[in-house]
Number of protein chains: 2
Amino acid sequence: MGDQLFKDSVETTLKVIGGKWKLVILCHLMDGARRFGELRRGMPDITQKMLTQQLRELEEDGIIHREVFMQVPPKVEYSLTPYGGTMGEVLHLLADWGLKHQERVDKEASPTSSDH
Amino acid sequence: MGDQLFKDSVETTLKVIGGKWKLVILCHLMDGARRFGELRRGMPDITQKMLTQQLRELEEDGIIHREVFMQVPPKVEYSLTPYGGTMGEVLHLLADWGLKHQERVDKEASPTSSDH
DNA sequence: CAGTATCCAAGACGATACTG
DNA sequence: CAGTATCGTCTTGGATACTG
């Protein structure tokens with residue numbers, strides 16, 4: 001696993017999904033297309049700037065699709081590309097692992113068993 | 001997938017492995033225990049400071065184990081904890097995805113098929 | 001050999017104001 | 001509604017020098 005190609009591949013993935021909000025955005029889009037405002041409401045702590053920026057980067061990487069509806073008021077919908085959909089299993093595995101990790105951390109913090 | 005627990009779990013994982021060098025370090029340790037110097041040689045671009053720092057963080061998260069051999073010259077060995085070993089499948093999936101992504105990007109860049 | 005300590009640069013991120 | 005533009009901050013990472 002320490003070979004160069006493997007390491008490079010792993011780093012490539014991290015570059016694509018490494019932004020602070022990208023994984024969360026993808027989680028939302030996994031459930032279906034979302035408008036800009038819907039995404040904002042779903043992530044109360046993100047700023048417009050960051051949302052726009054991260055969406056653009058995901059778009060450039062071919063992960064998501066941006067569709068502008070020419071109408072007033074403006075409407076823009078974001079959705080996963082078929083390619084972006086392949087992130088699904090990655091997301092699931094990351095979530096699985098994170099969940100177990102969180103449980104571990106919680107257990108350490110609680111006084112139920114020995115502390116150290 | 002857009003539910004809060006799922007999103008939190010995914011973010012938790014990213015926090016643990018999100019450092020610039022952590023995934024690469026993990027790749028090396030997946031092959032077995034390594035000394036500090038071995039890791040450095042395996043990652044020519046990392047500085048001592050960053051290597052030390054990222055190792056400490058991985059240690060704090062319970063992913064890796066640090067063993068100091070009391071001898072001169074000093075010898076310190078890093079290895080995955082059993083828990084850290086559970087990152088293995090994550091690493092593989094990230095590598096798979098990254099490899100495919102890289103192929104995609106390369107194809108776009110090459111003139112073999114239509115350019116836009 | 002395996003680190004620390006210090007200082008510095010770059011980039012990521014955020015707050016705010018403005019626009020088609 | 002869905003952005004852009006600007007500026008400031010904060011975090012991350014890097015260069016260099018020193019140490020048990």
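Just so it is clear: chains get the letters A, B, ... in the order the sequence lines come, proteins before strands, and each one is counted from 1.
Atoms CE (B/M50) and C1' (D/dG14) sit 8 Å apart, rounded to a whole Å. Taking atom CZ on A/R56 and atom P on C/dA12, their separation rounds to 17 Å, with Å as the unit. Summarising the geometry, the separation between CD on B/Q53 and C1' on C/dC7 is reported as 14 Å, rounded to the nearest angstrom. Going from atom CZ of A/R40 over to atom P of C/dA15 covers 11 Å, rounded to whole Å. In this structure, CD1 of A/I46 is placed 14 Å from C1' of D/dG3, rounded to the nearest angstrom. At whole-Å resolution of the value, CE in B/M43 and C1' in D/dG14 are 15 Å apart. Taking atom CG of B/L14 as the reference point, atom P of D/dT11 lies 17 Å away to the nearest angstrom. Across the protein-nucleic acid pair, B/Q48 atom CD and D/dT16 atom P stand 12 Å apart, rounded to whole Å.
Distance alone, capped at 3.5 Å, is enough to place a donor-acceptor pair between the A/D31 side chain and the B/G2 backbone. Side-chain N or O atoms of B/T81 include one that pairs as donor or acceptor with a backbone N or O of B/G62 at under 3.5 Å.
Which of C/dG20, C/dG3, C/dC1 sits closest to the side chain of B/F36 comes down to C/dG3. With D/dT6, D/dG13, D/dA2 as the choices, the nucleotide that has an atom nearest any side-chain atom of A/V76 turns out to be D/dA2. Counting only heavy atoms from C-beta on, B/K49 has its side chain closest to D/dG13 among D/dC1, D/dG13, C/dG14.
OP1 or OP2 of C/dG3 has at least one side-chain nitrogen or oxygen of B/R66 nearer than 4.0 Å. At C/dG3, one or more side-chain N or O atoms of B/Y78 fall inside 4.0 Å of OP1 or OP2 (strictly under the cut-off).
In a base pair of the Watson-Crick type (N1 to N3 plus N6-O4 or O6-N4) or a G-U wobble (N1-O2 and O6-N3), with each distance short of 3.5 Å, D/dA5 is matched with C/dT16.
Contact annotation for B/R35: backbone-only contact, meaning every heavy-atom pair under 4.0 Å involves sugar-phosphate atoms and none involves a base. Among the protein residues, A/Q54 comes within range of the sugar-phosphate backbone only, with heavy atoms under 4.0 Å from sugar or phosphate atoms but none that close to a base. Residue contacts for A/K75: at a heavy-atom cut-off of 4.0 Å it reaches the sugar-phosphate backbone alone, with no base atom in range.
For the atom pair OG1 (A/T12) and CD (B/Q102), the distance works out to 4.5 Å, reported to the nearest 0.5 Å.
Placement of B/V90 and B/Y83 within a single hydrophobic cluster is found when ILVMFWY residues are connected by side-chain heavy-atom separations under 4.5 Å, directly or transitively. Under the 4.5 Å side-chain heavy-atom criterion for Ile, Leu, Val, Met, Phe, Trp and Tyr, A/V10 and B/M43 are members of the same hydrophobic cluster.
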